[in-house]
Number of protein chains: 2
Amino acid sequence: MSHTDPSGAGPVPIDVPEAARWLAGRVLRTPVLRAPAIDRLAGARVLLKAENLQAGGSYKMRGGLYAVSRLAAAGHGGVVAQSTGNHAVAVALAARRFELAATVVLPVDAAATKVARARAAGARVVLAGTTVEERLAVARRVRDETGHPIVDAYDHPDVIAGQGSASLELIEEAERAGTPLDALVVPVGGGGGAAGACLAAAGRPIEVYGVEPHGCDSLARSLAAGRPVPVTPAPTIADGLRPTCVGELPFAILRTRLRGVVRVDDDEIAEAFRLLLLELKMLAEPSGAAGLAGALRLAAAGALGNDGARRRTVGVVLTGGNVEADLVARLAAAARLKEEVAVA
Amino acid sequence: MSHTDPSGAGPVPIDVPEAARWLAGRVLRTPVLRAPAIDRLAGARVLLKAENLQAGGSYKMRGGLYAVSRLAAAGHGGVVAQSTGNHAVAVALAARRFELAATVVLPVDAAATKVARARAAGARVVLAGTTVEERLAVARRVRDETGHPIVDAYDHPDVIAGQGSASLELIEEAERAGTPLDALVVPVGGGGGAAGACLAAAGRPIEVYGVEPHGCDSLARSLAAGRPVPVTPAPTIADGLRPTCVGELPFAILRTRLRGVVRVDDDEIAEAFRLLLLELKMLAEPSGAAGLAGALRLAAAGALGNDGARRRTVGVVLTGGNVEADLVARLAAAARLKEEVAVA
C-alpha cells in the first residue's frame, strides 16, 4: 500500500502487516479483554486491546521501535524526537535497544515521571517551551547540529505502520475467536494510530471510527474542510490527544478511509476510565480511555448498528496507561460519588 | 495425588492437572505479565498471573466452577456457599451456568457491589451476622432444609484443585518461555489457593511461599503448632485474607509442602497495590496485591536466593481485582504523596 508523501517526493509505502511481522516477539503481544458490564452498556461485544500493558506503557512503542530500527539499519547514529510524553519515551527506549544516541524534546512543564523515564532510557532530555511549535523548532535545530533524523510522532510512514500493528493484532484475534470486528474505534491525536488502524482494516468490512475530545477536533474540522485544519486545543484530561493539527500523511489516509469521527467530553472520558478500572481491572490513561468513551457514544447513537438479531463486535484500542497517581485518585474519587448515588 | 480427608473417611483425590484440563476454555486463560520496575525492586524476574482479569473478578471462579460442575454432574439441584465476597459470587455465577439453585450467605455489612453481583447472578442472598461462624450456621441450616450441599470456600478438594489450576498455568507458561519458576508466592486466606499451588508445583523444584497479613496469621501459627490454630483476625485492608482459621484439608497439604509463610503489613500491601496499578497498569484488590508484597519482602530478605549470576524467576498469583472505588482513591492518593516525596 502506498500514499502520496506530503513532501511531494512520491508515494510512501506503508505496510502494516510487514511492521506487525517485524514487531512480533519484539514488543508484547498484548491481550484482548472483555468485561460483561461494558458489553451490556454498549449493547455489543466490545473487544479491548490492552496496549496500556505494552512496553513503555503505550502503543507508541510499536511505531517508535519500528521507525528507529529502520533508521538504525540505514546507518544513522542517532535520532531526535519531540512529544509531550509517550512517543518521546518510546523513541528513547527504542534508541537504547539499537545503541543509537537519542535526543528527546519535552515541554518545560512535562510530568516529572515522563522526564525520568526518558532519562532512565539513556536519552538526552531537552526541555523547551510549552507548545509543539517551540519543541519542533528545538528538535530541528538538534537535527541540523547532529545530523540525526527526527522521528515524528505521527507524520511518519513507519510510525503509522507500527501503530497500525496493534489494530491488526486485534482484528486477527477477533477473527480467530470467530467474532470478526464490525467496527474499530481508536482515539485521535495526530492521527497516526487512526491511519494505521484504517490500513490494518483495509480489505475487510470494518468501519473505523476516530475519537477526539471536544475542542481538540482538528481531524473532524479537517475532514469537513478537505485539508488539515489546526485548532487551538481546548483543555482536556486526555492530554495525549491535544496536538494542534492532524498530520498531513495521516490525513491523506484518513480522509478516504475513516468512517467518521466522534467527539467526547471529559465526563465521558472519566466514565470510560472508571469502567476500565473497576470492571476491566485495567489502568488506562484518559487518552486511552477516550476510545471506549467514543465507542459508548457511537453505541448510544445507534451508529454501531444494533439492527437485529446478530450481535455486533466492536474493537477498541486502549492506547496507553501512563497516568499520574493524583489523577487516578481524583477520577476514582469521582467514581465513588457516582457509586453512592447509584446505590442510594 | 490423594490426601487424608479431615473427616477421617479416607484419602481425597485432588487432581490439579485434571481440574486445569476441565477448566480450559471454561474460564479465561489469564495473561502472565511483567513490569521492569517490579523486576528491579525484586532483583528477580517477577511473573504476575493476572487472575484479577478472571471472570467474576478473581481466581475463586476456578474452584467455584469446578466444584459446582461436579455437584451438578452428581445430580444435585442446588448449592449453598458462604463468604465475604469473591467465593460467594463465584458459586452464584457457576450455579447459573449449570442451572442450579444457589443460596449464598454474606455478612450483614457486605459491600453493596458484592451483594448486587451475587443477586445479578440469580442467587438467593441471605445476610447473616458478621463472623464466619454466624454465616456457617446459616449455611448449614439452609443445607439441612434444602438438601443442597455446601461448597466450602477452601476446605474442599475440588475448590483446591480449581484454584491450583491458576498456579499450574503460570508454572507451565514460565516453562514454555524458557524461564521456569524458582519460587511461587500466593496470598493465604483459608489456604485453598496455597494448597492448590503446592499441588500444582509438585514434582518440580519450585519453592512455594504463602503470604498472610500481620495478625491474620492462622497458617503461620498452625505450622508452628503442628495443627490448625484459629486467630482473632486483626484489621487489614486485605479483607479477603481474614478467615478465622486455615482449613483442615489445606493445612494437611501445606504442612508438608509449603516452603514458608511471610507476614506483611498494610503499608507493604498498599505499596504493592500502587506498583501493580501504576507500573503494571492492573487493578488488584489488596488481598491480591498481598502476594507481590510478600514476594518483595522475601526478595529483600534474600530468601529468593540472589546468590550468583543466574537471575531467579518468581511467580506471583494476583488472585483478584474486586475493590471499591473509594479504596482505590485512598490508595492512589497515598501513592501521590509518595511520588511527591520521591521527586522532591
Side-chain angles (χ1 to χ4, degrees), chain A residues 25 28-37 40 48 50-58 93 111-113 115-117 120-121 273-285 288 318 320-340 342-344, chain B residues 28-37 40 48 50-58 93 111-113 115-117 120-121 177 273-285 288 318 320-340 342-344:
Chain A
L28 183 64
R29 187 178 179 92
T30 54
V32 174
L33 303 168
R34 292 173 64 188
R40 275 197 301 276
L48 297 144
E51 285 290 307
N52 57 330
L53 304 180
Q54 190 52 264
S58 92
L93 287 167
T113 52
V115 174
R117 275 174 197 259
F273 172 92
R274 184 189 77 82
L275 282 169
L276 292 167
L277 187 64
L278 299 179
E279 298 293 341
L280 200 68
K281 321 296 183 193
M282 279 283 163
L283 183 67
E285 56 194 40
L318 299 183
N322 292 329
V323 48
E324 308 290 307
D326 61 346
L327 185 55
V328 177
R330 193 152 55 87
L331 293 172
R336 181 177 56 80
L337 292 176
K338 283 207 175 183
E339 263 178 22
E340 280 168 4
V343 169
Chain B
L28 183 64
R29 188 180 178 91
T30 54
V32 174
L33 302 168
R34 291 173 64 189
R40 274 196 301 276
L48 298 143
E51 286 289 308
N52 57 330
L53 304 179
Q54 190 52 265
S58 95
L93 288 167
T113 51
V115 175
R117 276 174 197 258
F273 173 92
R274 184 190 79 81
L275 282 169
L276 292 167
L277 188 65
L278 298 178
E279 298 293 340
L280 199 69
K281 320 298 182 192
M282 280 283 163
L283 182 67
E285 56 193 40
L318 300 182
N322 291 329
V323 49
E324 308 289 307
D326 61 346
L327 184 55
V328 177
R330 192 150 58 85
L331 293 171
R336 180 177 57 79
L337 292 176
K338 282 207 175 183
E339 264 179 20
E340 279 167 4
V343 168

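Sequence lines set the chain letters: A, B, ... in the order given, protein chains first and strands last, and positions in each chain run from 1.
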For this session: With a 4.5 Å cut-off on heavy-atom pairs, point out which of A:Asn322, A:Thr30, A:Leu283, A:Leu28 contacts chain B the most.
Result: A:Leu283
Problem set entry | Any residue meeting salt bridge (charged side-chain N to carboxylate O under 4.0 Å, His left out) with A:Arg40, in chain and number order, not counting sequence neighbours |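 None.
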Problem set entry | salt bridge (charged side-chain N to carboxylate O under 4.0 Å, His left out) involving A:Glu51 - partner list, sequence neighbours excluded |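 Salt bridge (charged side-chain N to carboxylate O under 4.0 Å, His left out) list for A:Glu51, sorted by chain: A:Arg62.
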For this session: Provide the closest heavy-atom pair for A:Ala325 versus B:Ala332 in the form atom of the first, atom of the second, distance.
Result: CB-O, 3.7 Å
Exercise. Where do A:Leu280 and B:Leu53 come nearest, in terms of heavy atoms and distance?
Worked result: O-CD2, 3.2 Å
At a heavy-atom separation under 4.5 Å, does [X] approach chain A through its side chain, its backbone, both, or neither?
X        : value
B:Arg29  : neither
B:Leu277 : both
B:Glu279 : side chain
B:Leu276 : neither

Problem set entry | Expected output: side-chain A:Lys281 to main-chain B:Gly321 donor-acceptor under 3.5 Å |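 A pair under 3.5 Å: yes.
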